[in-house]
Amino acid sequence: MSNDTVIRIRGARLIDPYQGLEAPDADIRILNGRVLASQEGQQYPEEVIDARGLWVVPRLIDMHVHFREPGQTWKENIETGSQAAAHGGITAVAAMPNTSPVIDSPELVEWEAKRARDLGLVRLYPVGAITVGSEGQELADLYRMQAAGARAFSDDGQPVMSSQMMRAALSYSTTLRTPIINHAEDKSLSRGASVHEGRPAARLGLAGVPETAESAMVWRDVLLAALTGGRLHVAHVSAMDSIDALAWAQHRHLSVTAEATPHHLLLTDEALTAWGYNPVTKVNPPLRPEASRQALVTAVQKGLIGVLASDHAPHHQDDKARPYPDAPFGISGLETILGGLVTALIQPGLMTPMNALKLLTTGPDGVLGLGCQGLAPGQPADLTLIDPGHVWTVDPDCFYSMGRNTPLQGMALTGQARAAMVNGRWVMREGEVLSS
Amino acid sequence: MLDLLQSAQRLKQDLLEAPVKKSAALRGQAFVNLFFEPSTRTKNSFELAGKYLGADVINFQGKGSSVEKGETLYDTALNLEAMGVDLVVVRHQASGVPEDLARYLSVPVVNAGDGFHEHPTQGLLDLMTVWERNPHLDSLHLVIVGDILHSRVARSDLWGFSAMGARVTLVGPPSLLPTALAVPNVSLTTDFDAALADADVVQVLRIQKERQSMAGMPSVEEYRLRWGLTAARAKQLGPSAVILHPGPQNRGVEIDTPVMADPRAHILGQVENGVAVRMAVLDRLMGGDHE
Ligand SMILES: [Zn+2]
């Protein structure tokens with residue numbers, strides 16, 4: 001497209017949580033990557049997009065993805081991960097650092113961000129490691145990584161087991177603008193386990209982990225956030241008692257935020273009964289019983305959990321073809337997160353579209369300190385067109401991600417992205433990803 | 001299930017107790033013992049069962065390391081199938097492998113024990129050992145004592161006996177009992193003596209010392225004191241009670257040596273019935289139309 005054509009999106013319902021703005025019949029004009037004010041750019045020719053019946057939503061952020069590059073590119077790479085994001089209607093991601101090598105230096109942070117920028121399919125915010133090599137021994141150079149573009153720190157994949165190290169990281173975060181994201185899991189309680197310790201696990205003879213392995217560490221982290229005044233973000237909450245810790249933190253006005261995943265909102269450990277020993281259900285933290293799922297939905301409704309994140313963790317078919325106890329943890333989630341949000345929260349009437357979409361916009365934006373201002377004039381045009389009523393069946397063979405592992409396979413979801421734009425350029429239209 | 005027990009009993013009378021232990025029922029048929037976890041007893045039992053029925057047996061000892069790719073495992077099985085075996089017997093340390101294999105292969109797969117999941121022929125031989133002495137399985141109270149959480153034997157006994165209408169009590173230290181197992185007619189307790197009061201059958205599981213230390217168990221002396229089938233405890237059992245142990249035993253830990261010699265203990269009978277039920281299973285799956 002030439003630089004002097006205006007893209008005009010007409011007729012969509014604008015839902016812009018960044019501006020707190022909702023309009024039934026939006027008219028959005030974009031030129032040179034930016035949103036135009038109403039009187040601007042009228043001299044240019046227009047390409048008009050008829051978006052009646054659709055929602056237009058600014059920058060959707062999935063703040064927990066694994067793109068596996070460098071080092072594990074047989075599972076995924078930054079290009080296929082970016083394509084998966086575009087296909088799923090996600091225009092910004094925060095990528096976890098548990099690659100090989102681990103993203104624990106400013107050079108690697110810069111390399112990763114540049115690689116994604118060159119592809120131009122999704123905004124990628126690097127997450128740096130908390131400790132060198134994510135080994136839990138020495139604090140990494142968080143300040144220098146932040147200066148290089150890291151927006152958060154995490155040893156995700158591994159918890160920060162040492163309370164002393166977690167205290168140090170949270171203390172240090174008070175001198176930064178970035179949160180410490182912990183994957184809460186007491187490894188001494190979860191050793192050898194591959195599923196939730198419940199009835200389906202007992203029947204299948206699979207070693208289980210109790211919710212306490214997560215919640216004990218969430219409580220520890222919250223107490224350390226109180227001690228240090230540090231900024232804590234709790235990754236993929238799944239346990240009931242973790243939610244109580246979040247409520248306690250809110251009551252104390254601590255800098256504590258949290259995320260939930262679509263699979264924990266949609267599924268329970270009964271999925272094990274349905275899928276048997278097929279490790280598509282193997283995810284960490286594991287799928288929990290119905291009571292916990294309901295508590296999680298309630299925590300999201302109440303705003304105790306303000307972020308929805310996919311924990312997109314693609315794996316190669318061969319890895320997922322191993323016997324259940326030996327197969328790796330993880331679900332490929334970028335291409336189902338939007339449908340998951342609509343299906344779990346909006347369609348059943350649990351949340352308004354505006355409030356639900358905050359989980360993918362202002363929620364993660366606030367945690368990462370991005371300062372996105374939505375589709376206000378002059379702002380970069382990152383947006384997604386969503387068909388909110390479209391019912392579709394999850395078919396991993398249609399994924400752009402190299403990871404085809406998802407227990408949502410075969411499930412009917414409501415809501416799908418029709419088109420996505422990053423920086424004023426279409427990156428996906430009608431399900432097809434458009435490379436630059 | 002009753003059907004299988006009856007044919008096991010027939011085969012036992014016709015073959016195991018006969019002077020010449022050879023039948024032609026499965027002549028020309030071949031199966032493979034695919035063992036990824038060492039177990040001489042179960043492997044030999046399947047091998048003998050097959051040979052008594054005239055089948056050819058191939059023993060395949062898999063490396064069984066947990067880092068081995070599943071792909072390799074399934075490739076191995078597919079290769080064996082391509083070589084023309086008619087049935088695969090599999091033992092693996094990971095729960096679910098036999099079920100997965102059955103999806104990949106077109107020949108029958110027999111589970112010879114998978115992880116903490118199941119050991120169905122053990123369940124059958126235990127059932128048979130009790131049923132031979134008392135056909136009214138639905139009136140019985142079975143007590144299983146030991147590391148229930150990590151026991152595939154416990155699970156198979158549990159499903160087998162409860163399917164036949166028996167009441168089942170699972171006994172063990174709290175850290176070795178499942179926290180959630182809501183099954184009708186099955187209860188969990190840590191009090192062995194109370195469970196023994198009206199027990200008709202006691203299955204004593206082998207204590208695995210490595211797992212025990214992992215779960216934070218006290219010493220073997222303390223285990224024996226509270227959950228061992230000691231001579232004193234065996235006295236609480238009635239004259240027609242049946243004592244079982246899947247073997248191999250840690251004498252003086254979960255079971256005392258004098259108890260093993262007790263006339264109510266049928267540990268060698270279990271071994272014999274193991275061959276009988278495996279003959280019945282092989283015959284059922286490979287024999288087909290000879291009757
Ligand atoms: Zn994680």
Side-chain angles (χ1 to χ4, degrees), chain A residues 74-75 186-213 239-240 268-282 286-292 315-329 405, chain B residues 36-37 62 64-75 77-78 90-104 111 113-120 147-156 158-159 170 175-183 186 188 210-211 214-216:
Chain A
W74 67 90
K75 291 175 187 275
D186 185 324
K187 296 292 257 188
S188 62
L189 278 172
S190 65
R191 184 169 48 189
S194 38
V195 293
H196 173 72
E197 182 181 283
R199 233 180 298 169
R203 279 186 170 268
L204 290 166
L206 294 170
V209 55
E211 292 196 0
T212 317
M240 275 208 241
T268 66
D269 63 346
E270 287 301 330
L272 292 172
T273 310
W275 283 98
Y277 294 102
N278 186 329
V280 288
T281 53
K282 186 169 174 179
L287 300 172
R288 302 294 191 184
E290 176 62 13
S292 306
H315 288 291
H316 194 270
Q317 304 284 69
D318 286 352
D319 292 327
K320 278 289 192 182
R322 288 157 74 172
Y324 202 102
D326 305 333
F329 292 98
N405 44 299
Chain B
F36 289 91
E37 193 183 59
S65 101
S66 62
V67 294
E68 185 180 31
K69 283 202 170 188
E71 212 188 2
T72 314
L73 163 70
Y74 302 119
D75 283 347
L78 285 169
V90 64
R91 155 77 59 102
H92 200 284
Q93 65 275 19
S95 300
V97 164
E99 239 183 84
D100 281 349
L101 268 186
R103 277 207 313 269
Y104 280 79
N111 183 355
D114 63 326
F116 311 152
H117 178 224
E118 285 225 43
H119 191 357
D147 179 357
I148 306 294
L149 191 62
H150 302 108
S151 174
R152 53 190 170 222
V153 175
R155 274 183 189 72
S156 282
L158 163 65
W159 305 131
L170 307 173
S175 55
L176 301 180
L177 288 175
T179 52
L181 192 80
V183 181
V186 176
L188 299 165
E210 328 76 80
R211 281 176 192 159
M214 189 181 96

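Lettering follows sequence order; numbering is per chain, from 1.
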Give me the atom names and distance for the closest heavy-atom approach of A:A207 to B:F116. CB-CE1, 3.9 Å
Inspect the surroundings of CZ in A:R288 and state if more than 12 heavy atoms from other residues, nucleotides or ligands are less than 6.0 Å away. yes
Pick from B:L158, B:V97, B:T179: which one has the most heavy-atom pairs with chain A under 4.5 Å? B:T179
Checking the side chain of B:R155 only, and the main-chain atoms of A:L204 only, is there a donor and an acceptor separated by less than 3.5 Å? no
Residues of residues 270-278 of chain A under 4.5 Å from chain B (heavy atom pairs)? A:Y277
